[in-house]
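Labels below follow one simple rule: chain letters A, B, ... track the order of the sequence lines, proteins then strands, and each chain is numbered from 1.
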2 protein chains.
Amino acid sequence: MQVYLNGAYVNSEDAKVSVGDRGFVFGDGVYEVTRVVNGKFFRENEHLARLREGLAGLKIHVKDSVLEQIPEISRELIKRNHHTEGEAAVYLQVTRGSAWPRTHTFPDPPVKPTVYLSSSPFTPHTRLHQTGVDAITVSDIRWTRCNLKTVNLLPNTLAKQQAKDAGVNSAIMIRDGVVTESPNANIFGVKNGALYTFPATNYILNGITRQAVLEVAEDLEIPVYFNPIRLDELFDIDELFFSGTTTDIQPVTVIDGKPIGSSQPGPIVKSIQKGYNKLLYT
Amino acid sequence: MQVYLNGAYVNSEDAKVSVGDRGFVFGDGVYEVTRVVNGKFFRENEHLARLREGLAGLKIHVKDSVLEQIPEISRELIKRNHHTEGEAAVYLQVTRGSAWPRTHTFPDPPVKPTVYLSSSPFTPHTRLHQTGVDAITVSDIRWTRCNLKTVNLLPNTLAKQQAKDAGVNSAIMIRDGVVTESPNANIFGVKNGALYTFPATNYILNGITRQAVLEVAEDLEIPVYFNPIRLDELFDIDELFFSGTTTDIQPVTVIDGKPIGSSQPGPIVKSIQKGYNKLLYT
């Protein structure tokens, strides 16, 4: 497998960054994961726009000429890795770059950012999309700039591992008594035919798939309320589902061992799945 | 300059980790910084104990035989870098290691952790210890496992940079209306001859220097209250100071442009500095 790192395509085993890279010592960087279907990048512009937002949020200055190369690099990468047919995912990470000595403040003058891309084959979780998954509730212990898609991902990895250790698929993160996100997906609830989801504030990542769900809901004339689901309402809702780039639209049918709705994927999530698949695959 | 990386001493320019290292893609690791004076490591056992706590907190399993080598590696490193005389600092970072494909859950079976150490000459901020420094208040936007010394340090770097951009030395982080920490130091307030500091909960890092300050205070019979300083009390206190491995004991004399106490380092911080220097230098 080849990856792209700072201007060169190299074998993944040879792709290395300095121990002085601020991605390594501070988690000082942002990332994106983009789905690719038969060589077609899904919502690429949206991912690139969010990348720019994240870089601006962290004040990492990357030349426009570098950012503008990303689509071309991504295509070259999937070509080299034979990911142009079938499904794939392209991972992209940009960090503030490598600097000595290690100081909390940004390198002054700025250093060259580290740009890293990889591609991998992707298998959608089709069976789980049909059966639904189980989850546990956990505290959302993240910082309060969750709108930035940074590589400071420890709370997410710990929550996902906590779910795995509990023998379930994922976690429902709760902050201040309301549902925010899963460790790697947004969350929608369904009640009386309407969608409920946490508003796109600093407490969640405004997912590209989340935004696609909103489009699908509009097409289907399903009302959407940007109100978070309260923990005390969670077990009274009709349906719940995750949305995410590698998650797609994933019904959640059991939380903390208790059924959500009928404990089967419901009619609303099925219609959202159908609409989303149309966007993704055509 | 040489650094230690996964079993070898290499030139810092050649010290590289895989782009698959979970330190790079998730900030999935912990670190320590230890002061070295004329080859003597200050509070080394305390740093190593906290390292073990952090590894346990993240469930990163490092063989005892590896951890037990750290003092020897540290000594060899400062020897190679000619840091055995005068002052130096040794940086140590352990990550969960490199794993493909990238998944939030921990690699199963576990991979070999990445162990990285570097040493650098250190110049104490002696003049600032005498004059005091200024700071701004900022929101403490960190996650709620601040007791773990992880490399998920974005909120800290952003706060420190915010201070620099504001033309001041550092930041006083406020969570829920009370003072927690600076981006890289603990905070003590002084009122009527007693110390006030945030208790060692999940909201602060329990600094090694903080613990030394508590010992010095006990020696000097200065009462200590583990009560956080409320923002509304901040400008009525007599003195305020930072404590940290590279900060030492640092008076803060101006916050948000307003004087703290007499706007000069006060008698209590001076006595703490004296006691701390005795611990560090003898």
Q) Can you name the nearest heavy-atom pair linking A:Leu153 to B:Asn152, along with the distance? A) N-OD1, 3.3 Å

Q: Mind ranking A:Leu158, A:Val17, A:Thr144, A:Thr105 by heavy-atom pairs under 4.5 Å with chain B and telling me who comes out on top?
A: A:Val17

Q: Considering non-hydrogen atoms only, spot the tightest contact between A:Thr157 and B:His104 and give its length.
A: CB-O, 3.3 Å

Q) A:Phe106 versus chain B, heavy atoms under 4.5 Å apart: side chain, backbone, both or neither? A) both

Q.
Need one label for A:Leu148: side chain, backbone, both or neither, based on atoms under 4.5 Å from any heavy atom in chain B.
A. neither

Q | Partner chain B: residue of A:Thr150, A:Leu58, A:Thr95 with the largest heavy-atom pair count (under 4.5 Å) | A | A:Leu58

Q: Go through the atoms of A:Ser18 and report whether side chain, backbone, both or neither lie under 4.5 Å from a heavy atom of chain B.
A: both

(Q) One pair to check against side chain to side chain contact (heavy atoms under 4.5 Å, CB included): A:Met1 and B:Trp100. What are the steps and the verdict? (A) CA-CA 11 Å; A:Met1 200 85 79; B:Trp100 303 85; over 6 Å; no

**Q.** Atom group of A:Thr103 that falls short of 4.5 Å from chain B, counting heavy atoms
**A.** neither

Q) Can you say whether B:Ser98 sits under 4.5 Å from chain A via the side chain, the backbone, both, or neither, judging by heavy atoms? A) neither

**Q.** Atom NZ of B:Lys16: over 12 foreign heavy atoms under 6.0 Å
**A.** no

(Q) So for A:Pro101, is it side chain, backbone, both, or neither that comes closer than 4.5 Å to the heavy atoms of chain B? (A) neither

Q. Does anything in residues 160-177 of chain B get under 4.5 Å of chain A by heavy atoms, and if so which residues?
A. B:Lys160, B:Gln161, B:Lys164, B:Asp165

Q: Would you mind checking which part of B:Asp28 comes under 4.5 Å of any heavy atom in chain A, side chain (CB onward), backbone (N, CA, C, O), both or neither?
A: both

Q) Using a cut-off of under 4.5 Å for heavy-atom pairs, which of B:Val19, B:Val3, B:Asn156 has the most such pairs with chain A? A) B:Val19

(Q) Looking at every heavy atom in both B:Tyr91 and A:Arg102, which two are closest together, and how far apart are they? (A) CE1-NE, 3.2 Å

Q: Pick one of side chain, backbone, both or neither for A:Phe26, based on which atoms fall under 4.5 Å of a heavy atom in chain B.
A: both

Q: Enumerate by number any residue of residues 132-143 of chain B whose heavy atoms lie under 4.5 Å from heavy atoms of chain A; in the absence of such residues, state 'none'.
A: B:Ile141, B:Arg142, B:Trp143

